[in-house]
Amino acid sequence: MKRTKIKSLLNETTFQKEVTVMGWVKTFRNNQFIAINDGSSIQNIQAVVDFNAFDEGLLKRLTTGAAISVTGTLVESLGKGQKVEIKVKELEILGDSDAEKFPLQPKKHSLEFLREIAHLRFRTNTFNAVFKVRHALAFAVHQFFNERGFTYLHTPIITASDAEGAGEMFKVTTLDFDNTPRNEDGSVNFKEDFFGKATNLTVSGQLEGELAALALGDIYTFGPTFRAENSNTTRHLAEFWMIEPEMAFYDLQDNMDLAEDLLKYVINYALTTCADELDFLKSRLEEEEKQKPQNERSELDLISKLKFCLENNFERITYTEAIDILKQSKPNQKKQFKYLIESWGADLQSEHERYLVEKHFKKPVILTDYPKEIKAFYMRQNDDGKTVRAMDILFPGIGEIVGGSQREERLEKIEQRMTEMHIPAEEMSWYLDTRRFGSAPHAGFGLGFERLVLFVTGMTNIRDVIPFPRTPKNAEF
RNA sequence: UCCUGAGUAGCUCAGCCGGUUAGAGCAUCUGACUGUUAAUCAGAGGGUCGCUGGUUCGAGCCCAGCCUCAGGAGCCA
């Protein structure tokens with residue numbers, strides 16, 4: 001008999017028909033009630049067995065984690081906790097799960113423990129919900145850009161360019177470490193390497209994205225990126241996914257509008273398609289926050305927070321305005337900041353960003369027009385000679401979720417910045433060609449996908465929103 | 001990388017001032033019960049106290065080094 005997915009059975013209103021369900025045992029209670037989950041829904045279906053009618057040895061194998069197939073009649077439940085259940089006629093164990101060895105129990109586990117068994121954590125409600133939401137967000141990103149006529153561009157994972165300066169890179173090589181070919185001066189001879197030059201894993205697809213945008217108009221990338229930074233935080237991964245749109249004839253305002261629209265679109269998509277999952281994650285977060293003191297708990301629950309984000313415009317202020325607000329802020333005047341804001345030009349620390357977003361505005365904030373000294377070479381210089389057309393979007397609890405800018409399209413200006421920042425122009429000749437031939441105003445940004453998933457799921461550690469996290473000293477599975 | 005904290009049963013944790021045979025709850029196993037909702041009740045089994053070395057008559061506890069994890073900072077998305 002053809003199997004039916006649990007998700008569709010839970011909404012069924014016609015009863016007495018025979019169905020087959022396949023899934024994994026969550027619990028087996030009272031020698032009668034099997035809670036089965038097949039991943040189609042965060043909810044389980046209850047299958048009821050008459051223990052007198054089945055072999056005792058067979059029922060003993062209904063352990064947490066076992067894969068089973070049941071066939072029976074779909075009926076209205078006699079019990080209280082669920083609407084429908086299956087009266088079992090046939091029961092087959094597809095795969096046993098030794099209860100003494102299976103690490104997941106019908107109880108709450110710490111996220112730290114589940115991280116150690118990331119290959120099995122998919123079986124839990126929390127990770128079921130997180131990865132469903134992750135999928136919905138990824139799908140919504142493509143749908144958003146597709147609806148607006150953007151071209152999905154696949155930029156290279158392996159790159160020879162190391163001038164972007166977005167962080168430490170992972171080397172890609174086939175050279176024999178025990179016998180590396182050397183030049184006369186003792187340095188490694190990469191001419192002998194696979195690509196005939198030193199190569200790395202990409203830290204960003206932006207530069208390649210710009211090349212395509214200055215021909216195709218509007219493009220976006222959505223792929224893995226790699227940073228070999230020794231970062232040990234709840235917001236950083238060595239391998240993460242990034243969305244990088246790049247648009248010809250966009251200025252900074254257009255860029256901000258697009259980023260805000262994108263974020264609202266995908267959050268709304270998750271709210272409408274993952275109601276069950278978000279409801280579960282909302283309760284999970286509430287349980288977790290009960291352990292915190294009152295003043296550290298969120299003012300809004302997860303779903304209200306997401307809706308609030310949709311209903312309000314992001315606050316847009318310049319770096320200069322932010323500095324003024326911070327200078328006059330209580331924690332600055334009472335010297336409660338670890339790094340006090342004294343003058344224009346200082347880079348903002350996490351504590352300052354958190355103050356602006358969580359205390360002062362209490363909503364997402366877009367900061368623009370940063371001093372050129374603390375930003376990348378490719379950002380368009382303003383006429384004041386001091387600032388560049390950069391924009392960072394800061395989210396509560398997450399910090400920087402988007403970083404972008406209008407790009408410097410004037411050849412002599414970008415060359416001047418490259419010289420000042422010691423970036424070898426000759427290696428970037430292919431990039432500068434865009435400025436030599438039909439250069440045009442353009443802009444783009446990078447959105448950290450896992451940080452978006454963090455925000456929408458209410459999870460607090462980035463290692464819990466990617467299936468197999470890659471962090472310093474950890475590349476398991 | 002820096003700062004702080006942690007590592008004791010499958011999981012979550014307690015373990016006093018260094019002193020007898022290292023405890024609890026949950027999970028597991030055995031039995032009972034049989035419309036349960038993380039079922040309940042009774043009983044049982046389960047330990048390289050992160051690793052290495054040191055101090056001591058004696059170390060889970062004190063000291064040193066290392067490993068791993070978590071939180072914060074930096075870097076950033």
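Chain letters run A, B, ... following the sequence lines, proteins first, then strands; residues in each count from 1. These numbers were taken from a predicted model, which means no experiment stands behind them.
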Practice problem: Could you please name the partner base of B/G60, counting Watson-Crick and G-U wobble pairs only when both distances are under 3.5 Å? | Solution: none
Practice problem: Answer with yes or no whether A/Gln105 presents, from its side chain, a donor or acceptor under 3.5 Å of a partner atom in the base of B/U28. | Solution: no
Exercise. Work out which heavy atom in A/Pro156 is nearest to a heavy atom in A/Glu208; give both atom names and the distance.
Key: CG-OE2, 3.7 Å
Exercise. Answer yes when A/Arg380 and A/Asp251 have at least one side-chain N-carboxylate O distance shorter than 4.0 Å, and no when they do not.
Key: no
Quiz item: Would you say A/Arg29 reaches B/C33's phosphate, i.e. side-chain N/O to OP1/OP2 under 4.0 Å?
Solution: no
Quiz prompt | Proximity to the side chain of A/Ser110 - top-ranked nucleotide from B/C11, B/C75, B/U37 | solution = B/C11
Self-check item: Watson-Crick or G-U wobble mate for B/U21, both contacts under 3.5 Å
Solution: none
Exercise. Sort out the partner of B/G65 for me: Watson-Crick or G-U wobble, both distances under 3.5 Å, none otherwise.
Key: B/C51
Quiz item: Can you find a side chain N or O atom of A/Arg463 that sits less than 4.0 Å from OP1 or OP2 on B/A70?
Solution: yes
Practice problem: Go through B/G74, B/U37, B/A38 for me and flag the one nearest to the A/His236 side chain. | Solution: B/G74
Quiz item: Considering only side-chain heavy atoms of A/Glu400, which listed nucleotide, B/A73, B/U28, B/A77, is closest?
Solution: B/A77
Quiz prompt | Paired nucleotide for B/A38 [Watson-Crick or G-U wobble; both distances under 3.5 Å] | solution = none
Exercise. Check whether any side-chain nitrogen or oxygen of A/Gln349 sits under 4.0 Å from OP1 or OP2 of B/G74, and answer yes or no.
Key: yes
Quiz prompt | A/Phe51 aromatic ring stacked with six-membered ring of B/U34, 5.5 Å and 30° | solution = yes
Practice problem: Using the closest heavy atom to pick a nucleotide of RNA chain B for each, name whichever of A/Thr233 or A/Pro103 lands nearer the 5' end. | Solution: A/Pro103
Quiz prompt | Closest nucleotide among B/U34, B/C75, B/C76 to the A/Ser231 side chain | solution = B/C75
Quiz item: Which nucleotide, B/G35, B/A39, B/G25, lies nearest any side-chain atom of A/Thr27?
Solution: B/A39
Exercise. Scan A/Leu452 against the nucleic acid and name what it touches under 4.0 Å (heavy atoms): base, sugar-phosphate only, or nothing.
Key: nothing
Self-check item: Watson-Crick or G-U counterpart of B/A44, or none if no pair lies under 3.5 Å
Solution: B/U28
Quiz item: Taking the six-membered ring for Trp, does A/Phe33 stack with B/A39 (centroid gap under 5.5 Å, planes within less than 30°)?
Solution: no
Self-check item: Heavy-atom check, side chain of A/Phe337 versus side chain of A/Ser329, under 4.5 Å
Solution: yes
Exercise. Determine the contact category for A/Phe113: base if any of its heavy atoms lies under 4.0 Å from a base atom, sugar-phosphate if only primed atoms, P, OP1 or OP2 are that close, otherwise nothing.
Key: sugar-phosphate
Quiz prompt | Mate of B/G71 where both pairing distances stay under 3.5 Å, Watson-Crick or G-U | solution = B/C3
Practice problem: Give a yes or no on whether the backbone of A/Leu326 and the side-chain of A/Tyr355 come within a donor-acceptor separation of less than 3.5 Å. | Solution: no
Quiz item: With both distances kept under 3.5 Å, what pairs with B/C76, Watson-Crick or G-U wobble?
Solution: none
Quiz item: Which value, in whole Å, describes the distance between the P atoms of nucleotides B/G50 and B/A32?
Solution: 40 Å
Quiz item: Any cation-pi pair here, A/Arg148 with A/Tyr220, using under 6.0 Å and within 45°?
Solution: no
Quiz item: For B/U1, does either OP1 or OP2 sit under 4.0 Å from a side-chain N or O belonging to A/Asn230?
Solution: yes
Self-check item: Nucleotide of B/A38, B/U36, B/U28 approaching A/Ala99 most closely (side-chain heavy atoms)
Solution: B/U28
Quiz item: Considering only B/A73, B/G35, B/A70, which nucleotide approaches the side chain of A/Glu85 most closely?
Solution: B/G35
Practice problem: Would you indicate what A/Gly446 reaches in the nucleic acid, counting non-hydrogen atoms under 4.0 angstrom: base, sugar-phosphate, or nothing? | Solution: sugar-phosphate
